[in-house]
Undergrad: 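I have a structure here, written as structure tokens, and I will follow up with some questions on it.
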Amino acid sequence: MLCAGRLGGLGSRAAPLWPGRAGSRGLGARIRARGVSTSWFPVGAAFNVKPQGRRLDLFGERRGLFGVPELSAPEGFRVAQENALRKADLLVERVCSVAPGPQTVLIFDELSDSLCRVADLADFVKIAHPEPAFREAAEEACTSIGTAVEKLNTNVELYRSLQKLLADKKLVDSLDPETRRVAELFMFDFEISGIHLDKEKRKRAVDLNVKILDLSNTFLMGTNFPNKIEKHLLPEHIRQNFVVAGNHVIVDGLHAESPDDLVREAAYKIFLYPNAGQLRCLEELLSNRDLLAKLVGYSTYSHRALQGTIAQSPETVMQFLEKLSEKLSERTIRDFEMIRGMKMKLNPQNSELMPWDPPYYSGVIRAERYNIEPSLYCPFFSLGACMEGLNTLFGRLLGITLYAEQPAKGEVWCEGVRKLAVVHESEGLLGYIYCDFFQRAGKPHQDCHFTIRGGRLKEDGDYQLPVVVLMLNLPHPSRNLPTLLTPGMMENLFHEMGHAMHSMLGRTRYQHVTGTRCPTDFAEVPSILMEYFANDHRVVSQFARHYQTGQSLPKNMVSRLCESKKVGAAADMQLQVFYAALDQIYHGKHPLTASTTDILRETQEKFYGLPYVPNTAWQLRFSHLVGYGAKYYSYLMSRAVASMVWKECFRRDPFNSTNF
């Protein structure tokens, strides 16, 4: 699409388990280095203290969100989108009148950038801003820009301006490889949007895309809605584990780590109880995706979505998943037997293994076998220590330092948000990471990475710095206690920071292909690679320090923690295979052979092994169906690639910078 594919809240870690020195692409000589700022301060200290807030400033200038002047108030989104659309009109007129050549691609990329800079920012604000007025204004901007993008993707005159370039072999041969590749990607976006259709069908394609965008937003919001049940239907002794509101109990998650089997069972059955509206929304979303794919010439939506990926086709994906499932089969059975044995030991009256059991009992086995009770580790994993650990790792591998910077008034959407400057030892400032790490009411529970602005080389020789947001859900620090992370939270932090560094270091001339704007089945490689660093005792021992005494995490505790990660690993991966297969079937041949819930049950039995629970519909919580529709397998393929990179480049020495 003209507005580049975005790896946002939907491009975070794989879906949670049931009850989860890179080059500058040769630009260094052309990009003027950004200098060091005296307002930066050490990153660790910024995260281990409770923010004090600003002094009362009645007269200081208020900047907009992310420093965008228009966004000091919700009404500014309308101004920003109108400015972007006006600029887009001028750029369309310009590219259609210019002689075909490299300038054509530069104008296309500027057109893409002008729209993405509003759409990407609005994509984040509409789900993360605590004020409803900002969220509503951002959603309107998303719809407006999204509609404009779909119209541009079927604009025949715009298409012909690019076609003239790519049809001229002499001109194409004169393009450098990066420019040629970007031109081909823009042409590909036209083709899958139905540019070859007649006028009436092109309009139909635009209408379908706009409807899909609306359904996607509705479904995504519904994946996070809590369910409620009348209070008297729950045993009194477990009600305190949930939010009680009048005569109802509110369940907003799976409570997968609860030690009480009944709490986990109740949460699973209530939270996953099917919502009729959400079910209709999913069915409409899948149906309209299929209609769009067929309209533009593909047999299924999956065939359309996988064009341009590493896998290329749904047949290749299913072969990959079936082969992986076969390889995992024996190990998964052993994992389930081990987990079942632990459940029988602790709860002999009810020892049948159910979908809400593996995360909890795997944790019990890890704690018992390796003595890794999370509470023993948390004091060594203060958020500040973990951020300093990342800083050290990036410094040794990439020559990069993270500095905290005080945001301007109005620049951030919540007081607890920290702003980091990413600075390279020779190239200077590379970009900014906004860290929205702490819990708040109404905030989505999923850990996410959002691109706010992509990097690109501007005409004046400056490099447009990338801006991203990392969103986690960590407890707030207090006056006397920093935020302490469990080992799992620490691994999540490393994963999401992998996305952020991909955005900082994937420096390209064109924003259309910058950072995480790459084939989806490669986009998770840097983030999964960071998980390997988070689970290596040589890396962990560099930063794990007790927040009170400064004592290093004992070596035997580090080793036990890293070894414990292998417990239940096959069953965990088998679950991801099930999710990926379900995604492929939903986006395969239509009409579907059964309801989405019946397909869930059948696929679960084939690819996972634990029984389906009647009157549940996990697919209605599967938020990745929006951003990763037909591409959920990407997590597994990226994991395979990351594993190869780790073994080849870092297993002997995780600090070996010669591999970059």
Side-chain angles (χ1 to χ4, degrees), residues 1-6 92 105 108 111-112 115 146-167 172 180-216 282-320 512-513 517-521 580 583-593 625-634:
M1 301 297 173
L2 277 170
C3 200
R6 298 186 289 277
V92 169
V105 185
F108 261 83
L111 173 59
S112 174
L115 296 169
T147 301
V149 167
E150 298 307 337
K151 289 179 179 177
L152 288 172
N153 282 329
T154 54
N155 182 314
V156 175
E157 191 179 0
L158 186 62
Y159 160 73
R160 285 176 180 159
S161 69
L162 186 63
Q163 187 185 42
K164 288 177 187 176
L165 170 64
L166 291 174
V172 170
R180 179 174 178 172
R181 177 60 179 156
V182 171
E184 291 169 346
L185 287 173
F186 279 123
M187 178 58 73
F188 172 71
D189 291 338
F190 278 121
E191 290 168 351
I192 66 170
S193 297
I195 194 67
H196 55 286
L197 302 174
D198 61 39
K199 184 176 181 180
E200 184 179 335
K201 288 181 178 178
R202 289 199 306 274
K203 183 180 184 305
R204 172 70 174 145
V206 170
D207 291 343
L208 279 170
N209 269 307
V210 171
K211 188 172 183 180
I212 288 167
L213 179 64
D214 187 46
L215 288 166
S216 296
L282 175 59
E283 290 168 348
E284 282 192 61
L285 175 61
L286 297 176
S287 175
N288 279 275
R289 281 177 169 174
D290 181 69
L291 289 172
L292 175 64
K294 288 185 169 70
L295 178 64
V296 299
Y298 294 91
S299 57
T300 70
Y301 182 81
S302 188
H303 282 90
R304 178 181 183 269
L306 295 177
Q307 290 292 301
T309 63
I310 297 171
Q312 290 291 325
S313 73
E315 291 80 14
T316 302
V317 172
M318 287 307 296
Q319 288 171 10
F320 167 68
H512 195 66
V513 291
R517 289 171 179 165
C518 59
T520 310
D521 41 13
D583 174 45
Q584 285 300 308
I585 295 168
Y586 281 168
H587 292 100
K589 187 176 180 180
H590 276 240
L592 297 173
T593 57
L625 287 173
V626 172
Y628 272 55
K631 297 180 183 179
Y632 190 80
Y633 75 93
S634 299

Undergrad: Please determine if Glu184 and Arg180 form a salt bridge, counting it only when a charged side-chain N lies under 4.0 Å from a carboxylate O.
TA: yes

Undergrad: Quick one: do Asp521 and Tyr633 satisfy side chain to side chain donor-acceptor pair (under 3.5 Å)? Show the steps, please.
TA: CA-CA 8 Å; Asp521 41 13; Tyr633 75 93; 2.6 Å; yes

Undergrad: Heavy atoms only: give me the nearest Ala183-Val105 pair and the separation to one decimal.
TA: CB-CG2, 3.8 Å

Undergrad: Using a 6.0 Å distance limit plus a 45 degree cone around the ring axis, check whether Arg304 lies over the aromatic ring of Tyr298.
TA: no

Undergrad: From Met187 CE over to Ile195 CD1, what is the distance, rounded to the nearest 0.5 angstrom?
TA: 8.5 Å

Undergrad: Taking NZ, NE, NH1 and NH2 as the nitrogens, is one of them in Asp290 or Lys294 under 4.0 Å from a carboxylate oxygen of the other?
TA: yes

Undergrad: What pair of heavy atoms forms the shortest contact from Val172 to Leu165, and how long is it?
TA: CG2-O, 3.4 Å

Undergrad: State, with a plain yes or no, whether a side-chain heavy atom of Leu625 is found less than 4.5 Å away from one of Leu285.
TA: no

Undergrad: So, for Asn153 and Ser193, which heavy atoms are closest and what is the spacing to 0.1 Å?
TA: CB-OG, 3.5 Å

Undergrad: CD1/Ile585 to CG/Leu286 distance, rounded to the nearest 0.5 angstrom?
TA: 12.0 Å

Undergrad: Can you find a pair of side-chain heavy atoms, one from Leu115 and one from Leu152, that are under 4.5 Å apart?
TA: yes

Undergrad: Quick one: closest heavy-atom pair of Gly629 and Ala305, and the distance?
TA: O-CB, 4.0 Å

Undergrad: Kindly indicate whether the side chain of His512, heavy atoms from C-beta on, has any atom under 4.5 Å from the side chain of Arg517.
TA: no

Undergrad: Verify side chain to side chain contact (heavy atoms under 4.5 Å, CB included) between Leu291 and Arg204, making sure each step is shown before the conclusion.
TA: CA-CA 10 Å; Leu291 289 172; Arg204 172 70 174 145; 4.1 Å; yes

Undergrad: Which heavy atom in Gly308 sits nearest to a heavy atom in Phe188, and how many Å separate them?
TA: N-CZ, 4.3 Å

Undergrad: Where do His303 and Thr300 land on the side chain to side chain contact (heavy atoms under 4.5 Å, CB included) test, with the steps shown first?
TA: CA-CA 5 Å; His303 282 90; Thr300 70; 2.6 Å; yes

Undergrad: If you round to the nearest 0.5 Å, how far is CG of Leu213 from CG of Leu208?
TA: 12.5 Å

Undergrad: Aromatic rings Phe108 and Phe190: how do their planes relate, parallel, tilted or perpendicular, breaks at 30° and 60°?
TA: perpendicular

Undergrad: Working to the nearest 0.5 angstrom, can you tell me the gap between Leu306 CG and Thr316 OG1?
TA: 8.5 Å

Undergrad: Keeping the roles fixed (side chain from Asp583, backbone from Tyr632), state whether a donor-acceptor pair exists under 3.5 Å.
TA: yes

Undergrad: What distance do Ser161 atom OG and Leu166 atom CG have between them, rounded to the nearest 0.5 Å?
TA: 10.0 Å

Undergrad: Step by step, would you call Arg289 with His590 a side chain to side chain contact (heavy atoms under 4.5 Å, CB included)?
TA: CA-CA 10 Å; Arg289 281 177 169 174; His590 276 240; over 6 Å; no

Undergrad: How long is the span from the OG1 atom in Thr309 to the NZ atom in Lys631, to the nearest 0.5 Å?
TA: 7.0 Å

Undergrad: For Val317 and Ala311, work out which heavy atoms get closest and say how close.
TA: CG2-CB, 3.7 Å

